[in-house]
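One structure is given here, and the rest of the page talks about it.
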Amino acid sequence: MPPISRPRGTEDLLPDQFFAMRRVSEAGLGVAASFGYQQLDTPIFEASELFVRGVGDSTDVVRREMYTFADRSGRSLTLRPENTAPVLRAFGESSLRQLSPPVRLSYAGPMFRYDRPGKGRYRQFHQFGVEAIGDPEPELDAEVIAVAWDWLQELGLGGISLQLNSIGDAACRPAYREALLEHFAPHLATLPELDQERLRRNPLRILDSKEEGSEQLLASAPRTSDYLCQPCREAFERVQLALHAYAIPFELNPRLVRGLDYYVRTTFEVWHEDLMGAQNALFGGGRYDGLSELLGYPPAPGVGFAAGLERVVMLAPPGPPPARPQLVVCSAQPVAVASAIDASQRLRRDGLSVLCDVGGRSLKGKMRAAERSGAEAVAILGEEEVRERRLTLRRLRSGEQMAVRLEQVYVQVREWEQDTQFGEGPA
RNA sequence: GUGGCUAUAGCUCAGUUGGUUAGAGUGCCAGGUUGUGGCCCUGGAGGUCGAGGGUUCGAGUCCCUCUAGCCACCCCA
(Lines give C-alpha, C1' and ligand atoms only; values in the text may rest on other atoms or scores of the structure.)
Protein backbone atom coordinates (compact mmCIF):
# COMPACT_ATOMS: atom_id res chain seq x y z
CA MET A 1 0.00 0.00 0.00
CA PRO A 2 1.47 3.36 -0.97
CA PRO A 3 2.00 5.71 1.94
CA ILE A 4 -0.43 8.59 2.25
CA SER A 5 1.21 11.88 1.42
CA ARG A 6 0.04 15.44 1.72
CA PRO A 7 -2.25 16.88 -0.96
CA ARG A 8 -0.66 18.60 -3.93
CA GLY A 9 0.18 22.22 -3.37
CA THR A 10 0.11 22.00 0.41
CA GLU A 11 2.97 22.23 2.84
CA ASP A 12 3.81 20.93 6.26
CA LEU A 13 5.35 23.73 8.25
CA LEU A 14 8.10 21.92 10.13
CA PRO A 15 9.29 23.63 13.31
CA ASP A 16 11.94 25.81 11.67
CA GLN A 17 9.57 26.90 8.88
CA PHE A 18 6.73 27.38 11.29
CA PHE A 19 8.91 29.60 13.42
CA ALA A 20 10.01 31.65 10.40
CA MET A 21 6.44 32.05 9.22
CA ARG A 22 5.18 33.07 12.61
CA ARG A 23 7.94 35.59 13.02
CA VAL A 24 7.11 37.22 9.69
CA SER A 25 3.37 37.36 10.30
CA GLU A 26 3.78 38.63 13.84
CA ALA A 27 6.08 41.36 12.58
CA GLY A 28 3.31 42.39 10.18
CA LEU A 29 0.60 42.31 12.79
CA GLY A 30 2.88 44.30 15.09
CA VAL A 31 3.49 47.01 12.51
CA ALA A 32 -0.23 47.13 11.78
CA ALA A 33 -0.94 47.49 15.49
CA SER A 34 1.48 50.41 15.64
CA PHE A 35 -0.78 52.09 13.05
CA GLY A 36 -3.85 51.32 15.16
CA TYR A 37 -5.02 48.24 13.26
CA GLN A 38 -6.71 45.53 15.32
CA GLN A 39 -6.54 41.86 14.45
CA LEU A 40 -9.61 39.81 13.66
CA ASP A 41 -10.31 36.32 12.37
CA THR A 42 -13.08 35.15 10.06
CA PRO A 43 -14.17 31.61 9.12
CA ILE A 44 -12.02 29.51 6.82
CA PHE A 45 -15.11 28.74 4.73
CA GLU A 46 -17.90 31.06 3.65
CA ALA A 47 -21.02 30.97 1.52
CA SER A 48 -19.80 30.53 -2.06
CA GLU A 49 -21.94 33.46 -3.07
CA LEU A 50 -19.74 35.80 -1.04
CA PHE A 51 -16.87 35.28 -3.46
CA VAL A 52 -18.95 34.97 -6.60
CA ARG A 53 -20.42 38.39 -5.93
CA GLY A 54 -17.52 39.97 -4.08
CA VAL A 55 -14.55 38.83 -6.10
CA GLY A 56 -16.45 38.65 -9.37
CA ASP A 57 -17.52 35.73 -11.54
CA SER A 58 -15.35 36.78 -14.46
CA THR A 59 -12.17 36.38 -12.44
CA ASP A 60 -9.93 33.34 -12.64
CA VAL A 61 -10.14 32.99 -8.89
CA VAL A 62 -13.87 32.35 -9.04
CA ARG A 63 -14.03 30.63 -12.41
CA ARG A 64 -11.50 27.89 -11.80
CA GLU A 65 -9.65 28.24 -8.54
CA MET A 66 -12.20 27.86 -5.78
CA TYR A 67 -12.50 24.91 -3.42
CA THR A 68 -16.27 24.73 -3.41
CA PHE A 69 -18.29 21.97 -1.79
CA ALA A 70 -21.79 21.28 -0.53
CA ASP A 71 -22.20 20.55 3.15
CA ARG A 72 -24.65 17.97 4.44
CA SER A 73 -27.54 20.36 4.22
CA GLY A 74 -26.78 21.21 0.63
CA ARG A 75 -25.41 24.71 1.21
CA SER A 76 -22.66 25.67 -1.19
CA LEU A 77 -19.57 26.62 0.77
CA THR A 78 -16.13 27.71 -0.38
CA LEU A 79 -12.73 27.65 1.28
CA ARG A 80 -11.81 31.33 1.27
CA PRO A 81 -9.54 32.24 -1.67
CA GLU A 82 -8.95 35.72 -0.26
CA ASN A 83 -9.98 37.63 2.82
CA THR A 84 -11.19 41.08 1.80
CA ALA A 85 -14.74 39.98 1.02
CA PRO A 86 -14.98 37.97 4.27
CA VAL A 87 -13.68 40.88 6.35
CA LEU A 88 -16.12 43.24 4.72
CA ARG A 89 -18.90 40.75 5.32
CA ALA A 90 -17.91 40.52 8.98
CA PHE A 91 -17.78 44.28 9.17
CA GLY A 92 -21.19 44.62 7.56
CA GLU A 93 -22.99 42.22 9.83
CA SER A 94 -21.39 43.22 13.11
CA SER A 95 -21.14 46.08 15.52
CA LEU A 96 -17.89 47.12 13.86
CA ARG A 97 -20.17 49.07 11.57
CA GLN A 98 -21.11 51.32 14.47
CA LEU A 99 -17.55 52.40 15.16
CA SER A 100 -16.23 55.71 14.01
CA PRO A 101 -14.68 55.24 10.57
CA PRO A 102 -12.22 54.29 9.38
CA VAL A 103 -12.21 50.94 11.14
CA ARG A 104 -8.70 49.56 10.93
CA LEU A 105 -8.44 45.76 10.84
CA SER A 106 -5.65 43.24 10.29
CA TYR A 107 -5.56 39.49 9.79
CA ALA A 108 -3.27 36.57 9.05
CA GLY A 109 -4.32 33.10 8.04
CA PRO A 110 -4.63 30.42 5.37
CA MET A 111 -6.26 30.96 1.97
CA PHE A 112 -7.09 28.34 -0.65
CA ARG A 113 -6.89 28.41 -4.41
CA TYR A 114 -6.93 25.47 -6.78
CA ASP A 115 -4.06 26.59 -8.96
CA ARG A 116 -1.11 24.77 -10.42
CA PRO A 117 1.50 24.75 -7.67
CA GLY A 118 5.00 26.08 -8.13
CA LYS A 119 7.69 27.84 -6.20
CA GLY A 120 6.09 30.43 -3.92
CA ARG A 121 2.70 29.27 -5.06
CA TYR A 122 0.51 26.91 -3.10
CA ARG A 123 -3.06 25.69 -2.98
CA GLN A 124 -3.12 26.44 0.69
CA PHE A 125 -1.09 29.55 1.34
CA HIS A 126 -1.04 32.22 4.00
CA GLN A 127 -1.81 35.87 3.79
CA PHE A 128 -1.23 38.76 6.08
CA GLY A 129 -3.34 41.81 5.29
CA VAL A 130 -5.06 44.89 6.55
CA GLU A 131 -8.30 46.65 5.68
CA ALA A 132 -9.31 50.22 6.51
CA ILE A 133 -13.07 50.43 6.16
CA GLY A 134 -15.62 53.20 6.09
CA ASP A 135 -13.56 56.09 4.84
CA PRO A 136 -12.96 57.24 1.24
CA GLU A 137 -10.02 59.55 2.02
CA PRO A 138 -7.06 58.88 -0.30
CA GLU A 139 -4.57 59.40 2.51
CA LEU A 140 -5.84 56.12 3.88
CA ASP A 141 -4.66 54.36 0.73
CA ALA A 142 -1.17 55.60 1.44
CA GLU A 143 -1.43 54.57 5.08
CA VAL A 144 -2.27 51.01 4.13
CA ILE A 145 0.70 50.93 1.79
CA ALA A 146 2.87 52.34 4.57
CA VAL A 147 1.93 49.47 6.86
CA ALA A 148 3.07 46.99 4.26
CA TRP A 149 6.17 48.97 3.40
CA ASP A 150 7.29 49.40 7.00
CA TRP A 151 6.77 45.71 7.56
CA LEU A 152 9.04 44.77 4.68
CA GLN A 153 11.61 47.30 5.90
CA GLU A 154 11.52 45.77 9.36
CA LEU A 155 12.17 42.36 7.88
CA GLY A 156 15.12 43.80 5.97
CA LEU A 157 13.70 42.79 2.61
CA GLY A 158 15.43 44.59 -0.24
CA GLY A 159 15.00 44.54 -4.01
CA ILE A 160 11.38 45.57 -3.88
CA SER A 161 9.42 48.12 -5.90
CA LEU A 162 5.99 49.56 -5.33
CA GLN A 163 3.86 49.64 -8.47
CA LEU A 164 1.05 52.15 -8.34
CA ASN A 165 -1.90 52.88 -10.59
CA SER A 166 -5.45 54.20 -10.57
CA ILE A 167 -7.99 52.28 -12.59
CA GLY A 168 -10.81 54.81 -12.15
CA ASP A 169 -14.24 54.28 -10.73
CA ALA A 170 -17.80 53.68 -11.85
CA ALA A 171 -17.89 57.20 -13.28
CA CYS A 172 -14.91 56.99 -15.58
CA ARG A 173 -13.92 53.38 -16.03
CA PRO A 174 -16.69 52.55 -18.52
CA ALA A 175 -15.41 55.21 -20.88
CA TYR A 176 -11.89 53.93 -20.59
CA ARG A 177 -13.07 50.42 -21.18
CA GLU A 178 -14.80 51.55 -24.36
CA ALA A 179 -11.71 53.36 -25.51
CA LEU A 180 -9.64 50.23 -25.00
CA LEU A 181 -12.09 48.10 -26.94
CA GLU A 182 -12.19 50.65 -29.73
CA HIS A 183 -8.44 50.72 -29.89
CA PHE A 184 -8.19 46.98 -30.34
CA ALA A 185 -11.38 46.37 -32.31
CA PRO A 186 -9.93 46.91 -35.83
CA HIS A 187 -7.14 44.41 -35.10
CA LEU A 188 -9.11 41.85 -33.18
CA ALA A 189 -8.50 39.07 -35.67
CA THR A 190 -4.72 39.52 -35.60
CA LEU A 191 -4.45 39.34 -31.83
CA PRO A 192 -3.27 36.20 -30.07
CA GLU A 193 -6.06 33.90 -29.00
CA LEU A 194 -5.44 34.61 -25.33
CA ASP A 195 -5.78 38.36 -25.74
CA GLN A 196 -8.99 38.07 -27.74
CA GLU A 197 -10.34 36.10 -24.83
CA ARG A 198 -9.22 38.82 -22.42
CA LEU A 199 -10.93 41.54 -24.39
CA ARG A 200 -14.13 39.59 -24.39
CA ARG A 201 -14.12 38.69 -20.72
CA ASN A 202 -12.34 41.52 -18.94
CA PRO A 203 -10.87 44.15 -21.26
CA LEU A 204 -8.62 45.82 -18.68
CA ARG A 205 -6.72 42.57 -18.26
CA ILE A 206 -5.19 42.97 -21.68
CA LEU A 207 -2.96 45.63 -20.19
CA ASP A 208 -0.74 43.08 -18.48
CA SER A 209 -0.58 40.81 -21.48
CA LYS A 210 2.86 39.54 -22.37
CA GLU A 211 1.88 38.17 -25.76
CA GLU A 212 4.27 39.19 -28.51
CA GLY A 213 1.57 39.79 -31.07
CA SER A 214 0.02 42.51 -28.92
CA GLU A 215 3.14 44.48 -28.02
CA GLN A 216 2.71 47.20 -30.64
CA LEU A 217 -0.96 47.77 -30.06
CA LEU A 218 -0.45 47.82 -26.32
CA ALA A 219 2.21 50.48 -26.53
CA SER A 220 -0.17 52.79 -28.32
CA ALA A 221 -3.20 51.83 -26.28
CA PRO A 222 -5.05 54.48 -24.27
CA ARG A 223 -3.80 54.88 -20.73
CA THR A 224 -5.87 54.74 -17.58
CA SER A 225 -4.37 58.02 -16.44
CA ASP A 226 -5.80 59.85 -19.47
CA TYR A 227 -9.34 58.78 -18.72
CA LEU A 228 -9.65 59.41 -15.00
CA CYS A 229 -12.53 61.63 -14.00
CA GLN A 230 -11.81 64.72 -11.94
CA PRO A 231 -12.52 63.13 -8.53
CA CYS A 232 -10.41 60.09 -9.37
CA ARG A 233 -7.60 62.29 -10.64
CA GLU A 234 -7.61 64.37 -7.48
CA ALA A 235 -7.74 61.31 -5.28
CA PHE A 236 -4.79 59.79 -7.10
CA GLU A 237 -2.83 63.01 -6.63
CA ARG A 238 -3.47 62.94 -2.93
CA VAL A 239 -2.39 59.31 -2.66
CA GLN A 240 0.91 60.22 -4.26
CA LEU A 241 1.39 63.27 -2.05
CA ALA A 242 0.77 61.15 1.02
CA LEU A 243 3.23 58.52 -0.19
CA HIS A 244 5.84 61.25 -0.53
CA ALA A 245 5.08 62.29 3.02
CA TYR A 246 5.69 58.71 4.12
CA ALA A 247 8.91 58.81 2.08
CA ILE A 248 7.86 55.69 0.21
CA PRO A 249 9.21 55.44 -3.34
CA PHE A 250 6.85 54.18 -6.02
CA GLU A 251 6.63 53.66 -9.76
CA LEU A 252 3.55 54.73 -11.67
CA ASN A 253 2.50 51.77 -13.71
CA PRO A 254 -0.46 52.51 -15.99
CA ARG A 255 -0.59 48.86 -17.02
CA LEU A 256 -1.12 47.57 -13.51
CA VAL A 257 -4.55 45.98 -13.29
CA ARG A 258 -5.69 43.53 -10.71
CA GLY A 259 -7.41 40.20 -10.92
CA LEU A 260 -10.26 40.86 -8.55
CA ASP A 261 -13.26 42.79 -9.76
CA TYR A 262 -13.92 44.85 -6.67
CA TYR A 263 -11.04 47.27 -7.07
CA VAL A 264 -11.58 50.93 -7.96
CA ARG A 265 -9.21 53.87 -8.10
CA THR A 266 -5.94 53.07 -6.35
CA THR A 267 -4.38 49.72 -7.07
CA PHE A 268 -0.87 48.67 -6.15
CA GLU A 269 1.45 45.71 -5.99
CA VAL A 270 4.88 45.22 -4.56
CA TRP A 271 7.24 43.29 -6.78
CA HIS A 272 10.51 41.69 -5.88
CA GLU A 273 13.33 41.62 -8.40
CA ASP A 274 13.78 37.87 -7.98
CA LEU A 275 10.17 37.31 -8.96
CA MET A 276 10.02 39.68 -11.90
CA GLY A 277 10.22 36.98 -14.53
CA ALA A 278 7.11 35.37 -13.18
CA GLN A 279 5.51 38.73 -12.51
CA ASN A 280 4.87 37.42 -9.08
CA ALA A 281 3.70 39.95 -6.57
CA LEU A 282 4.77 39.94 -2.95
CA PHE A 283 1.57 41.66 -2.10
CA GLY A 284 -1.20 43.58 -3.76
CA GLY A 285 -4.16 45.65 -2.88
CA GLY A 286 -6.24 48.68 -3.58
CA ARG A 287 -9.45 50.49 -2.92
CA TYR A 288 -12.82 48.73 -3.10
CA ASP A 289 -15.48 51.36 -2.48
CA GLY A 290 -18.41 49.45 -3.98
CA LEU A 291 -17.77 46.05 -2.44
CA SER A 292 -19.99 46.42 0.60
CA GLU A 293 -23.06 47.10 -1.55
CA LEU A 294 -22.21 44.12 -3.75
CA LEU A 295 -22.49 41.97 -0.65
CA GLY A 296 -25.82 43.49 0.28
CA TYR A 297 -24.66 45.83 3.01
CA PRO A 298 -24.76 49.61 3.33
CA PRO A 299 -22.01 51.50 1.53
CA ALA A 300 -18.61 51.21 3.21
CA PRO A 301 -15.69 52.44 1.17
CA GLY A 302 -12.42 50.78 2.02
CA VAL A 303 -8.84 50.06 1.11
CA GLY A 304 -6.50 47.23 1.96
CA PHE A 305 -3.76 44.87 0.89
CA ALA A 306 -2.89 41.21 1.23
CA ALA A 307 0.60 39.75 1.24
CA GLY A 308 1.73 36.20 0.53
CA LEU A 309 3.58 35.08 3.63
CA GLU A 310 5.32 32.15 1.93
CA ARG A 311 6.82 34.54 -0.60
CA VAL A 312 7.93 37.01 2.01
CA VAL A 313 9.49 34.26 4.11
CA MET A 314 11.24 32.95 1.02
CA LEU A 315 12.77 36.31 0.12
CA ALA A 316 13.41 37.92 3.49
CA PRO A 317 16.77 37.51 5.18
CA PRO A 318 16.65 34.65 7.67
CA GLY A 319 15.64 35.59 11.20
CA PRO A 320 16.96 34.29 14.48
CA PRO A 321 16.74 30.55 15.11
CA PRO A 322 13.89 29.19 17.24
CA ALA A 323 14.33 29.32 21.01
CA ARG A 324 16.47 26.59 22.56
CA PRO A 325 16.10 24.97 25.95
CA GLN A 326 18.22 26.73 28.54
CA LEU A 327 19.14 23.60 30.42
CA VAL A 328 19.30 19.88 29.74
CA VAL A 329 18.89 17.59 32.74
CA CYS A 330 20.42 14.13 32.22
CA SER A 331 20.20 11.03 34.30
CA ALA A 332 23.49 9.18 34.47
CA GLN A 333 22.03 5.98 35.85
CA PRO A 334 18.55 4.50 36.09
CA VAL A 335 18.46 5.12 39.87
CA ALA A 336 18.51 8.87 39.18
CA VAL A 337 15.57 8.96 36.78
CA ALA A 338 13.00 10.04 39.35
CA SER A 339 15.31 12.71 40.75
CA ALA A 340 16.05 14.05 37.28
CA ILE A 341 12.37 14.35 36.47
CA ASP A 342 11.67 16.01 39.80
CA ALA A 343 14.56 18.46 39.37
CA SER A 344 13.41 19.32 35.85
CA GLN A 345 9.92 20.13 37.06
CA ARG A 346 11.19 22.33 39.89
CA LEU A 347 13.49 24.23 37.55
CA ARG A 348 10.71 24.76 35.05
CA ARG A 349 8.63 26.27 37.81
CA ASP A 350 11.56 28.56 38.54
CA GLY A 351 11.21 29.76 34.97
CA LEU A 352 13.86 27.84 33.06
CA SER A 353 13.10 25.94 29.87
CA VAL A 354 14.37 22.47 30.63
CA LEU A 355 14.85 19.48 28.37
CA CYS A 356 14.76 16.32 30.48
CA ASP A 357 16.75 13.39 29.11
CA VAL A 358 16.26 10.23 31.16
CA GLY A 359 16.51 7.87 28.22
CA GLY A 360 18.42 4.61 28.40
CA ARG A 361 21.36 5.57 26.22
CA SER A 362 24.83 6.45 27.37
CA LEU A 363 25.69 9.68 29.12
CA LYS A 364 28.03 10.36 26.25
CA GLY A 365 25.14 10.21 23.85
CA LYS A 366 23.09 12.50 26.04
CA MET A 367 25.91 15.01 26.20
CA ARG A 368 26.17 15.02 22.45
CA ALA A 369 22.45 15.61 22.13
CA ALA A 370 22.58 18.34 24.78
CA GLU A 371 25.34 20.09 22.90
CA ARG A 372 23.28 20.04 19.74
CA SER A 373 20.17 21.25 21.47
CA GLY A 374 21.84 24.60 21.91
CA ALA A 375 21.29 24.64 25.65
CA GLU A 376 23.48 26.80 27.83
CA ALA A 377 24.21 24.08 30.38
CA VAL A 378 23.72 20.46 31.34
CA ALA A 379 22.78 19.18 34.77
CA ILE A 380 23.81 15.60 35.46
CA LEU A 381 22.15 13.49 38.07
CA GLY A 382 23.53 10.08 39.01
CA GLU A 383 23.83 7.86 42.02
CA GLU A 384 26.39 10.11 43.64
CA GLU A 385 24.45 13.34 43.12
CA VAL A 386 21.28 11.81 44.46
CA ARG A 387 23.12 10.62 47.57
CA GLU A 388 24.68 14.02 48.18
CA ARG A 389 21.59 15.98 47.19
CA ARG A 390 23.46 17.89 44.53
CA LEU A 391 23.61 18.23 40.74
CA THR A 392 26.64 18.35 38.54
CA LEU A 393 26.19 21.49 36.49
CA ARG A 394 28.27 21.90 33.38
CA ARG A 395 28.45 24.86 31.07
CA LEU A 396 28.69 23.55 27.54
CA ARG A 397 30.53 26.32 25.77
CA SER A 398 33.36 26.50 28.31
CA GLY A 399 33.34 23.08 29.92
CA GLU A 400 33.47 24.51 33.41
CA GLN A 401 31.69 22.25 35.83
CA MET A 402 30.58 22.42 39.44
CA ALA A 403 28.59 20.58 42.04
CA VAL A 404 25.61 22.68 43.09
CA ARG A 405 22.40 22.34 45.01
CA LEU A 406 19.11 22.53 43.15
CA GLU A 407 18.33 26.02 44.49
CA GLN A 408 21.53 27.38 42.94
CA VAL A 409 20.90 26.11 39.42
CA TYR A 410 18.56 28.85 38.25
CA VAL A 411 20.86 31.70 39.22
CA GLN A 412 23.95 30.01 37.84
CA VAL A 413 22.34 29.21 34.48
CA ARG A 414 21.02 32.74 34.14
CA GLU A 415 24.41 34.14 34.98
CA TRP A 416 26.09 32.04 32.29
CA GLU A 417 23.39 32.99 29.88
CA GLN A 418 23.90 36.71 30.48
CA ASP A 419 27.59 36.19 30.03
CA THR A 420 26.99 34.42 26.71
CA GLN A 421 24.72 37.19 25.47
CA PHE A 422 26.58 40.29 26.57
CA GLY A 423 29.94 39.38 28.06
CA GLU A 424 31.47 37.62 25.10
CA GLY A 425 32.98 38.81 21.90
CA PRO A 426 35.15 41.82 21.17
CA ALA A 427 33.58 44.45 23.37
C1' G B 1 -5.53 24.16 -17.67
C1' U B 2 -0.90 23.89 -21.75
C1' G B 3 4.35 22.76 -22.81
C1' G B 4 9.25 21.27 -20.93
C1' C B 5 12.76 19.26 -17.12
C1' U B 6 13.36 16.23 -12.82
C1' A B 7 12.44 12.05 -8.96
C1' U B 8 18.45 7.13 -5.87
C1' A B 9 19.61 6.83 2.33
C1' G B 10 16.67 11.86 7.03
C1' C B 11 19.58 15.84 3.83
C1' U B 12 23.01 17.04 -0.61
C1' C B 13 24.20 14.03 -4.55
C1' A B 14 27.42 9.89 -7.49
C1' G B 15 25.99 5.49 -10.19
C1' U B 16 30.36 4.86 -16.77
C1' U B 17 27.38 1.59 -23.65
C1' G B 18 21.30 -2.05 -19.31
C1' G B 19 25.45 -6.92 -16.05
C1' U B 20 26.92 -9.83 -9.34
C1' U B 21 24.99 -8.41 -2.46
C1' A B 22 23.23 0.14 -5.01
C1' G B 23 27.69 4.08 -3.22
C1' A B 24 29.92 8.91 -1.02
C1' G B 25 29.54 13.10 2.12
C1' U B 26 26.61 14.75 5.99
C1' G B 27 23.12 13.45 9.80
C1' C B 28 21.62 9.43 13.27
C1' C B 29 23.19 5.26 16.90
C1' A B 30 27.30 2.92 19.25
C1' G B 31 32.57 1.90 20.62
C1' G B 32 37.55 4.18 21.38
C1' U B 33 37.24 6.63 29.34
C1' U B 34 33.47 1.96 35.30
C1' G B 35 29.28 8.70 34.54
C1' U B 36 30.85 13.79 30.45
C1' G B 37 29.64 17.04 24.39
C1' G B 38 32.70 19.63 20.54
C1' C B 39 38.17 17.45 17.16
C1' C B 40 39.88 12.63 15.56
C1' C B 41 39.52 7.13 14.63
C1' U B 42 36.38 2.65 14.13
C1' G B 43 31.83 0.14 13.59
C1' G B 44 26.42 -0.02 12.87
C1' A B 45 21.45 1.05 11.46
C1' G B 46 18.89 3.29 7.43
C1' G B 47 16.99 2.68 0.41
C1' U B 48 11.04 -2.45 -2.37
C1' C B 49 16.32 3.49 -6.64
C1' G B 50 8.63 8.30 -6.44
C1' A B 51 4.26 4.46 -7.75
C1' G B 52 2.43 0.89 -11.31
C1' G B 53 3.09 -1.68 -15.79
C1' G B 54 6.23 -3.19 -20.14
C1' U B 55 10.87 -4.67 -23.07
C1' U B 56 15.00 -8.08 -21.69
C1' C B 57 18.49 -13.95 -19.77
C1' G B 58 19.12 -9.49 -16.67
C1' A B 59 16.41 -2.62 -15.48
C1' G B 60 18.49 2.55 -10.76
C1' U B 61 19.83 2.68 -16.15
C1' C B 62 15.35 1.70 -22.02
C1' C B 63 9.63 2.43 -23.07
C1' C B 64 4.45 3.67 -21.32
C1' U B 65 0.99 5.40 -17.54
C1' C B 66 0.28 7.78 -12.94
C1' U B 67 1.90 10.87 -8.82
C1' A B 68 4.83 14.84 -7.01
C1' G B 69 8.35 18.93 -7.49
C1' C B 70 10.72 22.66 -10.54
C1' C B 71 10.72 26.08 -15.07
C1' A B 72 7.88 28.76 -18.85
C1' C B 73 2.73 30.11 -20.11
C1' C B 74 -1.82 31.35 -17.52
C1' C B 75 -2.80 33.74 -13.09
C1' C B 76 -2.29 35.58 -8.51
C1' A B 77 -0.22 36.29 -2.72
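Chain A is the first sequence line, chain B the second, and so forth, proteins listed ahead of strands; every chain is numbered from 1.
- The P atoms of U8(B) and G47(B) are separated by 15 Å, rounded to the nearest whole Å.
- Per the geometry, CD belonging to Glu65(A) stands 9 Å off C1' belonging to C74(B), to the nearest Å.
- Salt bridge present: Asp342(A) and Arg346(A) bring a charged side-chain N and a carboxylate O closer than 4.0 Å.
- Map Val61(A) and Arg8(A) each onto its nearest nucleotide of RNA chain B; the residue landing nearer the 5' end is Arg8(A).
- Backbone-only contact: Gly9(A) has heavy atoms under 4.0 Å from sugar-phosphate atoms and none from a base.
- Residue Arg394(A) places none of its side-chain N or O atoms closer than 4.0 Å to OP1 or OP2 of G37(B).
- Salt bridge status for Arg395(A) with Glu400(A): present, with a side-chain N to carboxylate O gap under 4.0 Å.
- Judged by closest nucleotide on RNA chain B, Thr10(A) is the one of Arg311(A) and Thr10(A) placed further toward the 5' end.
- Here Gln333(A) lies in heavy-atom contact (under 4.0 Å) with a base.
- The C1' atoms of U21(B) and C63(B) are separated by 28 Å, rounded to the nearest whole Å.
- The separation between Arg116(A) atom CZ and G3(B) atom P is 9 Å, rounded to whole Å.
- Straight-line distance from the CG atom of Asn202(A) to the P atom of C75(B): 10 Å, rounded to whole Å.
- Looking at heavy-atom distances under 4.0 Å, Gly120(A) makes contact with a base.
- Within the shown strands, G10(B) is the pairing partner of U26(B) under the Watson-Crick or G-U definition, both distances less than 3.5 Å.
- Between Arg361(A) and C29(B) there is a side-chain N or O to OP1 or OP2 distance below 4.0 Å.
- Taking the six-membered ring for Trp and thresholds of 30 and 60 degrees, Tyr246(A) and Phe35(A) have ring planes inclined between 30 and 60 degrees apart.
- The aromatic ring of Phe125(A) is stacked on the base of A77(B), with the two ring centres less than 5.5 Å apart and the planes inclined by under 30°.
- The base of C75(B) sits within donor-acceptor range of the side chain of Arg121(A), with an N or O pair under 3.5 Å.
- Side-chain N/O atoms of Gln401(A) and base N/O atoms of G37(B) include no donor-acceptor pair closer than 3.5 Å.
- Pairing partner, A51(B): U65(B), with both Watson-Crick or wobble hydrogen-bond distances short of 3.5 Å.
- Residue Lys366(A) places no side-chain atom within donor-acceptor reach of the base of G35(B), judged by atom type and a 3.5 Å distance cut-off alone.
- Taking only side-chain nitrogens and oxygens, Arg6(A) never comes nearer than 4.0 Å to OP1 or OP2 of A68(B).
- Put simply, the side chain of Pro322(A) reaches to within 4.5 Å of the side chain of Asp16(A), judged on heavy atoms.
- Taking a pair to require two hydrogen-bonding distances under 3.5 Å in either a Watson-Crick or a G-U wobble arrangement, G3(B) pairs with C71(B).
- Among the protein residues, Lys364(A) comes within range of the nucleic acid bases, having at least one heavy atom under 4.0 Å from a base atom.
- With distances taken from any side-chain atom of Glu384(A) to the nucleotides G35(B), A77(B), C75(B), the minimum falls on G35(B).
- Using atom C1' as the reference point in both G31(B) and A45(B), the two lie 14 Å apart (nearest Å).
- Which of A77(B), G35(B), G38(B) sits closest to the side chain of Ala281(A) comes down to A77(B).
- With salt bridges taken as basic N to acidic carboxylate O contacts below 4.0 Å, none links Glu371(A) and Arg368(A).
- The distance between atom CG of Leu363(A) and atom C1' of U34(B), rounded to the nearest whole Å, is 12 Å.
- With contacts defined as side-chain heavy-atom distances shorter than 4.5 Å, the pair Leu327(A)/Leu393(A) qualifies.
- Nucleic acid contact class of Ala306(A) (heavy atoms, under 4.0 Å, all strands): sugar-phosphate only.
- The shortest side-chain heavy-atom distance between Phe283(A) and Arg311(A) does not fall under the 4.5 Å cut-off.
- Of the candidates A77(B), G32(B), C29(B), C29(B) carries the atom nearest the Arg368(A) side chain, counting heavy atoms from C-beta on.
- Residue contacts for Phe128(A): at a heavy-atom cut-off of 4.0 Å it reaches no nucleic acid atom on any strand shown.
- Counting non-hydrogen atoms under 4.0 angstrom, Arg205(A) reaches the backbone sugars and phosphates but no base.
- Distance, Asp60(A) CG to C73(B) C1': 13 Å, rounded to whole Å.
- Backbone-only contact: Leu282(A) has heavy atoms under 4.0 Å from sugar-phosphate atoms and none from a base.
- Rounded to whole angstrom, the span from the CG atom of Leu315(A) across to the P atom of A77(B) amounts to 16 Å.
- With hydrogens and angles ignored, no donor-acceptor pair under 3.5 angstrom links the side chain of Glu371(A) to the base of G38(B).
- Here the P atom of nucleotide A77(B) and the CD atom of Glu269(A) are 7 Å apart, to the nearest Å.
- At least one donor-acceptor pair closer than 3.5 Å links the side chain of Asp289(A) to the backbone N or O of Gly302(A).
- A straight line from CD of Glu11(A) to P of C70(B) spans 9 Å, rounded to a whole angstrom.
- When each of G35(B), G69(B), C74(B) is scored by its nearest atom to the side-chain atoms of Pro117(A), the top-ranked nucleotide is G69(B).
- The side chain of Ser362(A) has A30(B) as its nearest neighbour among A30(B), C74(B), C70(B).
- Of the candidates G37(B), G35(B), C75(B), the closest approach to any side-chain atom of Met367(A) belongs to G37(B).
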